[in-house]
There are 2 protein chains.
Amino acid sequence: MSAMFHVEDLQSPLVQPDWMNRIFKGDCVAAMNKLPEKSVDVIFADPPYNLQLEGALHRPDQSKVNAVDDDWDQFESFQAYDAFTRAWLLAARRVLKPNGTIWVIGSYHNIFRVGAIMQDLNFWLLNDIVWRKTNPMPNFRGRRFQNAHETMIWASKDQKAKQYTFNYEALKAANDDLQMRSDWLFPICTGNERLKDENGTKVHPTQKPEALLARVLLSSSKPGDVVLDPFFGSGTTGAVAKRLGRNFVGMEREQAYIDAATARIAAVEPLKGTDLKIMTGKRAEPRVAFVSLIEAGLIVPGTVLTDSKRRYKATVRADGTLACEGLSGSIHKLGALLQGLPSCNGWTFWHLEKEKKLVLIDELRKLIRDQMAAAGV
Amino acid sequence: MSAMFHVEDLQSPLVQPDWMNRIFKGDCVAAMNKLPEKSVDVIFADPPYNLQLEGALHRPDQSKVNAVDDDWDQFESFQAYDAFTRAWLLAARRVLKPNGTIWVIGSYHNIFRVGAIMQDLNFWLLNDIVWRKTNPMPNFRGRRFQNAHETMIWASKDQKAKQYTFNYEALKAANDDLQMRSDWLFPICTGNERLKDENGTKVHPTQKPEALLARVLLSSSKPGDVVLDPFFGSGTTGAVAKRLGRNFVGMEREQAYIDAATARIAAVEPLKGTDLKIMTGKRAEPRVAFVSLIEAGLIVPGTVLTDSKRRYKATVRADGTLACEGLSGSIHKLGALLQGLPSCNGWTFWHLEKEKKLVLIDELRKLIRDQMAAAGV
DNA sequence: CTTTTTGCTGAATCCCAGA
DNA sequence: TTCTGGGATTCAGCAAAAA
């Protein structure tokens, strides 16, 4: 039935079930259970992450971080979160067509529980996809790595479901004729795309970027398909689905989000025919850290670096810092320190001595970049 | 108790337990349970993830699980994998020091189960780290995204364990003075680094690159620490630990891997001395009380301090507190109070006026620290 | 008008020594 | 064990304000 859909039919009430391209208010489990079983092609779910935040967090400039402390993200325990997860995944499973697929996005706080429960419920994991953020929030206290990504799980209904939609060729063509990888690079949702109310404050705390949803839908759905989002929020899934000629169904408990999403989707102009192409995320020039040269074996810890006039000498340490007469720091910091300058580009300051000739470490960085480019990274 | 060797360079055998820098043959749970509790600083684990169809799965008692694909037995195999995972994680938890951390690497086949069980066992997740492969294996069937990454979970023993080792400043310095992100880019293990037998076939199917382990150990351990790897395999953890001046303990069931790892580690030349020094930041500096500046005669009671924009003025009292219009307190408290901020670093807020130029009191603290260093304190 | 500076913010499980 | 309080800690992107 869905294969017979034409993009132009999307808005026609004659061929469209009355539950399509609508947002249902209320609990998503109850709402999904009212839909006919095996009726949606793709599910995209952005459930609460169960962040378990304790106290307030301040930036180094003393400003307070606007935490996600909404009621919907509060759970008594892991058990409670698991029960919640199991319930909505079961309801989602019922409405999913036999060859449909489901996407769930999360962070390390919740994604492991979600993934395990999906496996327990017999979903068949196809990939985990890493959304690498170009501009993640820093770690302000310096006690962990900067949490710079989120994880999506992509799964079919069960192991035997082999006929799911995957637009392999389109993705490959869009990715410079290289297979689309499991790590995707996108900015977080900011600027004009971010929905704001009349006071200029964000409408929803966790609005996802449209580019992310676009790649999700372009890879795993066809024009005319039905995309269900049980945690509809600000309606990114609906907006992108409409723009790409897909139908949507959403569930959302808060009226404010429903209103914002409704207005947002109404303003979306669907693309037509040949415009339904895949867009790719900008691939930034790969930044190479000095420690990569050590990791790649181009520089061995203990190596002595010097400047072009051999005035200063510094020793490379295993951790990727330089040391010189009690001073130490990054290639940049130590270069600045030794010269008494406010700053220094270590890449164009430090040299390696090879057979009495000086080689700028920036030359080694170019080698790494070439390798990365050759690998299509 | 087989396959022993000593790494003379690390620590004197007199102070080194007899189980250190050795590979124990057999089941890792039994071997870990023979070690003293709370005795290792870091655990790196690369557990098997041969779940449903990919060959044999071993229960904790080493009996094999038959790989079958009907629903019930699939659930059965997940259960067996969970039991296996719970068993080795519990044993690992016992030997881990209270402020130790654990790393577990896996793919979407197993990492969600592992992560959920870690949370269930009260491990506190610090980060999930994505190892992005520059050269992953292509997806041959074109039915999924190219699986281009693996996931590592980094966790402390529990939520209260805050004193875990994290060499933040060193990582940041090595990364061009930007804090290290949760997505790491490394090639897979190939070429000379890949262990091969006399026939040229790889010794171990999932040998991890040394660069990956190096970043793991450089970020979360100190020289002299003990690193345990319960699934030792080809010994990457041991080789990198030795090279970086850490001690190791390994568990491995297959003699062929033990032999390969033993030879591999014996050939490793440890880095020495300053090459291993870890860059530290202000946190590691000795604490200086403000009153020391008064005691040292650098500031006289009655001196007026001001901020960088001369908005606030406060008088230094003999006891090392500041006073300003009826308010008083430490340099920090008063700075926070005057600005209406939750906190304030008085050292970088208050200035001394010297010949119409402002001098930050942090500069005076540096003088004191230099004196302390010269005195060998 | 153009360029530079300053300010704000984003799914965050974010300190630690000493009393 | 808990509590107190010193004092350490941020990256990219956008927009408004200032120069």
Side-chain angles (χ1 to χ4, degrees), chain A residues 46-70 72-73 75 78 105-111 131 133-151 187-194 196 200-202 204-209 231 233 284 287, chain B residues 99 119 123-128 155-156 158-164 166 168-169 172 175-182 280-291 320 329-333 335-336 341-350 361-362 365:
Chain A
D46 183 8
Y49 288 6
N50 188 21
L51 284 189
Q52 304 175 257
L53 303 178
E54 300 260 295
L57 178 66
H58 292 90
R59 297 184 180 82
D61 66 3
Q62 308 282 0
S63 65
K64 193 176 170 211
V65 175
N66 190 3
V68 177
D69 53 3
D70 307 65
W72 48 257
D73 199 41
F75 293 86
F78 282 136
I105 187 167
S107 65
Y108 66 87
H109 311 86
N110 71 321
I111 199 64
W131 168 28
K133 303 179 182 182
T134 58
N135 48 353
M137 195 187 297
N139 182 290
F140 295 116
R141 305 303 292 267
R143 293 298 294 148
R144 305 180 178 200
F145 297 94
Q146 181 183 31
N147 191 12
H149 73 277
E150 294 188 26
T151 301
I188 61 176
C189 183
T190 57
N192 282 336
E193 190 186 325
R194 189 85 196 214
K196 305 207 177 80
T201 52
K202 59 189 176 191
H204 193 278
T206 71
Q207 185 180 341
K208 296 293 176 288
F231 307 98
R287 200 180 54 78
Chain B
N99 283 308
Q119 290 181 311
F123 285 105
W124 191 246
L125 306 195
L126 298 169
N127 280 112
D128 60 333
S156 64
D158 54 58
Q159 185 177 3
K160 291 162 300 177
K162 305 263 190 194
Q163 310 298 313
Y164 56 85
F166 180 56
Y168 174 79
E169 288 84 7
K172 184 173 173 180
N175 192 38
D176 285 14
D177 294 321
L178 289 174
Q179 57 181 210
M180 188 66 79
R181 293 168 50 110
S182 57
T280 57
K282 281 192 193 171
R283 277 187 187 90
E285 298 275 306
R287 177 163 295 186
V288 174
F290 178 66
V291 74
S330 70
I331 54 172
H332 314 295
K333 275 276 161 62
L341 291 174
S343 70
C344 166
N345 184 342
W347 291 110
T348 55
F349 179 72
W350 294 108
I361 60 172
D362 201 34
R365 180 168 64 163

Student: Can a donor-acceptor pair be found between the side chains of B/Ser330 and B/His332 at a distance below 3.5 Å?
Tutor: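 No, because no side-chain N or O of B/Ser330 sits under 3.5 Å from a partner of the opposite role on B/His332.
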Student: Which value, in whole Å, describes the distance between the P atoms of nucleotides C/dT9 and D/dT9?
Tutor: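 24 Å, rounded to whole Å.
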Student: Using atom P of each nucleotide, how far apart are C/dG18 and D/dA8 to the nearest Å?
Tutor: 14 Å
Student: If you measure from the P atom in D/dG5 to the same atom in C/dA12, how many Å do you get, rounded?
Tutor: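 To the nearest whole Å, 31 Å.
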Student: Does A/Asn192 have more than 12 heavy atoms from other residues, nucleotides or ligands lying within 6.0 Å of its CG?
Tutor: no
Student: In whole Å, I'd like the distance from the CD atom of A/Gln62 to the C1' atom of D/dT10.
Tutor: 13 Å
Student: Can you tell me how far C1' of D/dA8 sits from CD1 of B/Ile331, to the nearest Å?
Tutor: 13 Å
Student: Take B/Asn345 and A/Asn192, find for each the nucleotide of DNA chain D with the closest heavy atom, and name the residue whose nucleotide sits nearer the 5' end.
Tutor: B/Asn345
Student: Which part of the nucleic acid, if any, lies within contact of B/Glu169, taking any heavy atom under 4.0 Å across all strands shown: a base, the sugar-phosphate backbone alone, or nothing?
Tutor: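 Sugar-phosphate: the residue B/Glu169, judged by heavy atoms under 4.0 Å, touches backbone atoms but no base.
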Student: Looking at B/Ser330, does any N or O in its side chain come under 4.0 Å of the phosphate oxygens OP1/OP2 on D/dG6?
Tutor: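 The answer is yes; a side-chain N or O of B/Ser330 sits under 4.0 Å from OP1 or OP2.
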Student: Under 4.0 Å between a side-chain N or O of B/Lys172 and OP1 or OP2 of D/dT10?
Tutor: yes
Student: Under 4.0 Å, heavy atoms only, any strand: does B/Thr348 hit a base, just the sugar-phosphate, or nothing?
Tutor: nothing
Student: Does D/dG7 have OP1 or OP2 sitting under 4.0 Å from an N or O in the side chain of B/His332?
Tutor: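 Checking D/dG7 against B/His332, a side-chain N or O does come within under 4.0 Å of OP1 or OP2.
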Student: Under a 3.5 Å threshold, yes or no: a donor from one side chain and an acceptor from the other, between A/Ser63 and A/Arg59?
Tutor: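 A donor-acceptor contact under 3.5 Å links the two side chains.
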Student: With heavy atoms under 4.0 Å as the rule, sort B/Arg365 into base, sugar-phosphate or nothing.
Tutor: sugar-phosphate
Student: Whole-Å distance between D/dT2 C1' and B/Lys160 NZ?
Tutor: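 Atom NZ in B/Lys160 sits about 13 Å away from atom C1' in D/dT2.
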Student: For B/Phe290, which contact category applies under a 4.0 Å heavy-atom criterion: base, sugar-phosphate, or nothing?
Tutor: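 Result for B/Phe290 = nothing.
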Student: Looking at B/Glu169 and B/Lys282, is there a salt bridge between them, counting it only when a charged N and a carboxylate O are closer than 4.0 Å?
Tutor: no
Student: Could you tell me whether A/Asp46 and A/Lys208 have a side-chain N and a carboxylate O separated by less than 4.0 Å?
Tutor: yes
Student: D/dA12 C1' sits how many Å from B/Gln179 CD, rounded?
Tutor: 12 Å
Student: So A/His204 and A/Trp72, would you call those rings parallel, tilted or perpendicular, with 30° and 60° as cut-offs?
Tutor: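 Ring orientation of A/His204 relative to A/Trp72: parallel.
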Student: Please determine if A/Arg141 forms a cation-pi arrangement with B/Tyr168, meaning its NZ or CZ atom is less than 6.0 Å from the six-membered ring centre and no more than 45° off the ring axis.
Tutor: no
Student: If we take the C1' atom in both C/dC1 and D/dA18, what is their distance in whole Å?
Tutor: 14 Å
Student: Please map the stems of DNA chain C, keeping only stretches of three or more Watson-Crick or G-U wobble pairs with both distances under 3.5 angstrom.
Tutor: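 Ordered by first number, the stems with DNA chain C (at least 3 consecutive pairs each) read C:2-10 with D:11-19, C:15-19 with D:2-6.
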Student: Assess, by modelled atom type and distance only, whether the side chains of B/Arg181 and A/Asn147 contain a donor and an acceptor separated by less than 3.5 Å.
Tutor: no
Student: Test side chain to side chain donor-acceptor pair (under 3.5 Å) on B/Ser182 and A/Gln146 and set out the steps.
Tutor: CA-CA 6 Å; B/Ser182 57; A/Gln146 181 183 31; over 6 Å; no
Student: Given atom CD1 of B/Ile361 and atom P of D/dG6, what is their separation to the nearest angstrom?
Tutor: 12 Å
Student: Will you find, in the side chains of A/Tyr49 and A/Glu150, an N or O donor that is under 3.5 Å from an N or O acceptor?
Tutor: yes
Student: At under 4.0 Å between heavy atoms, how does the protein contact nucleotides 9-19 of chain C? Give one character per nucleotide, 5' to 3', with B, S or -.
Tutor: BBBBBBBSS--
Student: To the nearest angstrom, how far is B/Lys282 atom NZ from D/dG6 atom C1'?
Tutor: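 So the two atoms are 14 Å apart, to the nearest Å.
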Student: Tell me whether C/dT13 sits syn or anti, counting syn as a glycosidic angle within 90° of 0.
Tutor: syn
